[in-house]
Amino acid sequence: MARGRLRIHLGAAPGVGKTYAMLAEAHRRVERGTDCVVAFVEHHGRPRTEVLLHGLEQVPRRELEYRGGVFPEMDLDAVLARRPQVALVDELAHTNVPGSRNAKRWQDVEELLTAGIDVVSTVNIQHLESLGDVVESITGVRQQETVPDEVVRRADQVELVDMTPEALRRRMAHGNIYRPDKIDAALSNHFRPGNLTALRELALLWVADRADAYLTQYRSEHRVSKIWGSRERIVVGLTGGPEGRTLIRRGARLAEKGAGGEVLAVYIARSDGLTSASPKELVLQRTLVEDLGGTFHHVVGDDIPAALLAFARGVNATQIVLGSSRRKTWQYVFGPGVGATVARESGPDLDVHIVTHDEVARGRGLPVARGARLGRSRRVWGWITGVAGPPLLAALLNAVDLGLANDMLLFLALTVAAALLGGLLPALASAAVGSLLLNYFYTPPLHRWTIADPKNIVAIVIFVAVGVAVASVVDLAARRTHQAARLRAESEILSFLAGNVLRGETGLEDLLERVRETFGMESAALLERASDVEPWTCAGRVGRGHPVDRPDQADVDMPVGDHMALALTGRVLPAEDRRVLAAFAAQAAVVLDRRRLREEADRARTLAEGNRIRTALLAAVSHDLRTPLAGIKAAVTSLRSEDVEWSEEDRAELLAGIEEGADRLDHLVGNLLDMSRLQTGTVTPLIREIDLDEVVPMALGGVPEGSACLDVPETLPMVAVDPGLLERAMANLVENAVKYSPPGAPVLVAGSALADRVEVRVVDRGPGVPDEAKERIFEPFQRHGDAPRGAGVGLGLAVARGFAEAMGGTLEAEDTPGGGLTMVLTLRAAGTRPEHRPAAEPERQAS
């Protein structure tokens, strides 16, 4: 059975018209005779969207019970049994109600596609899994419902439903997206112009990248090698020389001139791995490219012009930027150079820019990778083989007549052995001694230094030439093998460092210990000073031995900038080890800077939080506490006035106002004191086992009669709590729920058991709280939406969560089915072991 096709309408935010566009497309398909049904579409009370549902067949939904509520979900089995050609499934990232076949709606869609049914769906850019961190940094809210990027990328069609932030905010203000009671809060939070602009840019870039991937796939499938200038792509060819930074900046300026320009820097290395490029310079150039918004690529190829052109055509580049040759004039006898060859073979669809720079015609003054020296013992054995080996072989051959050809082959084998052991010089010595012995003992006339037959002269010359050539090749191979092993070890170390940089895992002491172990040193220390005249101080040290106070006291010191150095004691390192040591030193400086930045950020966050709380506290004291005080003062002044004769009813009313104001003051001051205890960490719960029905009813004493109803079964297990903290937390939750509940809709306080936990749910039918604000309402001094300032200082929920966590429980907010907000207080049942909870972060303690 052929797999169905998936079409997705992608938007930057709710309300841009994804569902509307999907339904409009469904009407067009139905008019063309396509069998199209609505599997699940949520119109969210938007009249224009709801109108489009008329005239479309809708598959009845399945209703599931969960935690005392009934929720509608897509009936997957009914859709599969109906087997339409096209099914409309809204909100691809939706999480299904527990009890459904699949946990996520996109998994339901996968089943429909597998059954051969085409699906049209919708999703917002913030629900893509890979963008979770980016969206959180923009909006301050972590998306709980996500869909894997691969699911969206596999879609056959992705259509962007776009709308400017101004137009979207107008739609919101006109009531076309949310209910009127949620408009102001939405415009002030998620629908701010900056948020919408950033999310729109994410959506546009994501769709542009997907279009680029489609184009690349099409060009590959149809073997299109011709450049299509759909966007400016600038390929910058690098050699590892100092001119690379000039070329990168020139390429970036060229890319800025065109819309959507892109810079791709490429360094082409030979396949043998031997290069004269400076690794340090390449690292600097890679950093520069990435800072300018480009990408760095490493390509292997022996024919540099061909490899560069193949890379450019493969990425559909439009321009190539190369530097003028650094070769001397006489070096052009070996060929026209890379720049001229690329310009000649680029063709009419690829522009080549040859950029002048300060290094033109100065020669390739780059460091050349030298072969590592062979060990001392190998060189000694090589010289013994090269000098003493030929006479011993001659003595053996004098006893056996093998012929001149065989004698020459044996001497040649001895030369190769000398090269393998000691390198080129012992092999040359072996070739020289062997040629003399061949002339004296085995070439007529024998035992004379003359050669009678000219053919033998040619044989001796060929022997020497072959011996020298073979010795050179063998010596080079041996050196390169040793060098490759060393470079592999260095690359493993550098790869370890790079991984730690990406993960941010290594602490300073751990890194210094790694340095000490890698180079076999006694101790390692990172020294720094504020200026040239200041004394050195130790930022971190590991190992044993006498500590050093200055870099010049160490056996090895590696400067890091002007006022920092990595100091090692134990032995003197060879020069070739300093390259890796420099990488360690740079990483140590980065780790130290990161640690200090983190400390400064923590201090700044603490100060900012303290300032915010102090500011809110002053505002609360100046307004929220003044209001009941003013009421009490007015009532008392009226009662004491002798000018008015108050009736008993008036007097009772004034006294009731005084009592109410005093209660409000007591409640506000109690919350402020509780918040201060949580802030300072002085809340010490006295945990004991108790029944819920002994504590929860007492929490309802502060609310009007009939405004809350209780459903706490006596069969519930006992809970391990602090009764005082639990009562205080429940009182705050019930008071908050009653405050936002409409008249005639009492708050429900219900208890239930779940495994080793006990849940207490405080359910109201008020306006509710959007998902993006559910965590923010638990922060100190937060009022949601348009709550009046007289409604309190915004500490009730913060205190309730703080007390819940102090007792080892949790407090979360959920939507009430049918509208409203449900506070879920989860407590530990008696007789169960408390879960191990890591030390709370400062922000969590504050809440």
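All values below were derived from every heavy atom in this structure, side-chain atoms included, with hydrogens, water molecules and symmetry-related copies excluded.
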Taking every non-hydrogen atom, the tightest pair across [X] and [Y]:
X      : Y      : value
Ile777 : Ala813 : CD1-CB, 4.3 Å
Leu797 : Phe778 : O-CD2, 3.7 Å
Val119 : Val109 : CG1-CG1, 3.8 Å
Ile690 : Glu694 : CG1-OE1, 3.4 Å
Val747 : Ser741 : CG2-OG, 3.3 Å
Leu168 : Ala13  : CD2-CB, 4.0 Å

Residue pair Arg761, Glu814: steps toward the salt bridge (charged side-chain N to carboxylate O under 4.0 Å, His left out) verdict: CA-CA 10 Å; Arg761 308 176 73 85; Glu814 296 180 357; 2.9 Å; yes
Check the side chains of [Y] and [X] for a donor-acceptor pair under 3.5 angstrom, ignoring hydrogens and angles.
X      : Y      : answer
Asp771 : Gln144 : no
Glu42  : His94  : no
His9   : Gln157 : no
Asp108 : Asn96  : yes
Thr816 : Thr822 : yes

Answer yes or no: is there an ion pair linking [X] with [Y], defined by an N-O contact shorter than 4.0 Å?
X      : Y      : answer
Glu110 : Arg154 : yes
Arg67  : Glu759 : yes
Arg200 : Asp162 : yes
Glu57  : Arg82  : yes

Answer yes or no: is there a donor N or O on one side and an acceptor on the other, between the side chain of [X] and the main chain of [Y], under 3.5 Å?
X      : Y      : answer
Arg61  : Pro72  : no
Glu145 : Thr95  : yes
Arg688 : Val721 : no
Asp75  : Ala78  : yes
Glu812 : Val824 : no
Arg83  : Ala115 : yes
Asn124 : Ala12  : no
Asp149 : Leu128 : no
Gln107 : Lys104 : yes
Asp691 : Asp693 : no

Any side-chain heavy-atom pair from [X] and [Y] closer than 4.5 angstrom?
X      : Y      : value
Val38  : Val59  : no
Leu76  : Asn102 : yes
Met823 : Arg801 : no
Val89  : Leu112 : yes
Asp711 : Val749 : no
Thr139 : Gln126 : no
Pro14  : Phe191 : yes
Asp133 : Arg142 : yes

Working for side chain to side chain contact (heavy atoms under 4.5 Å, CB included), residues Gln58 and Val37: CA-CA 6 Å; Gln58 300 187 44; Val37 301; over 6 Å; no
Step-by-step side chain to side chain contact (heavy atoms under 4.5 Å, CB included) determination, Ile687 to Met807: CA-CA 7 Å; Ile687 304 297; Met807 295 183 294; 4.3 Å; yes
I need the [X] [atom1] to [Y] [atom2] distance, nearest 0.5 Å.
X      : Y      : atom1 : atom2 : answer
Leu692 : Met718 : CG    : CE    : 9.5 Å
Ile8   : Ser121 : CD1   : OG    : 6.0 Å
Met22  : Glu159 : CE    : CD    : 12.0 Å
Met698 : Leu700 : CE    : CG    : 11.5 Å
Leu10  : Arg7   : CG    : CZ    : 12.0 Å
Thr49  : Lys18  : OG1   : NZ    : 10.0 Å

Does a sphere of radius 6.0 Å around [atom1] in [X] hold more than 12 heavy atoms from other residues, nucleotides or ligands, not counting ones at 6.0 Å or beyond?
X      : atom1 : value
Arg48  : CZ    : no
Glu65  : CD    : no
Glu714 : CD    : no

Phe803 six-ring face occupied by Arg728 cation (under 6.0 Å, within 45°):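 No, cation not above the ring by the 6.0 Å, 45° rule.
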Worked verdict on Leu726 versus Leu825 for side chain to side chain contact (heavy atoms under 4.5 Å, CB included): CA-CA 10 Å; Leu726 177 58; Leu825 175 62; 3.7 Å; yes
From CA spacing to verdict: side chain to side chain contact (heavy atoms under 4.5 Å, CB included), Met730, Val762: CA-CA 9 Å; Met730 287 299 305; Val762 181; 4.0 Å; yes
Intermediate values then yes/no, salt bridge (charged side-chain N to carboxylate O under 4.0 Å, His left out), Glu25 and Arg29: CA-CA 6 Å; Glu25 179 185 347; Arg29 295 196 181 200; 2.7 Å; yes
Glu50 vs His44, side chain to side chain donor-acceptor pair (under 3.5 Å): CA-CA, chis, key distance, verdict: CA-CA 8 Å; Glu50 187 176 3; His44 298 289; over 6 Å; no
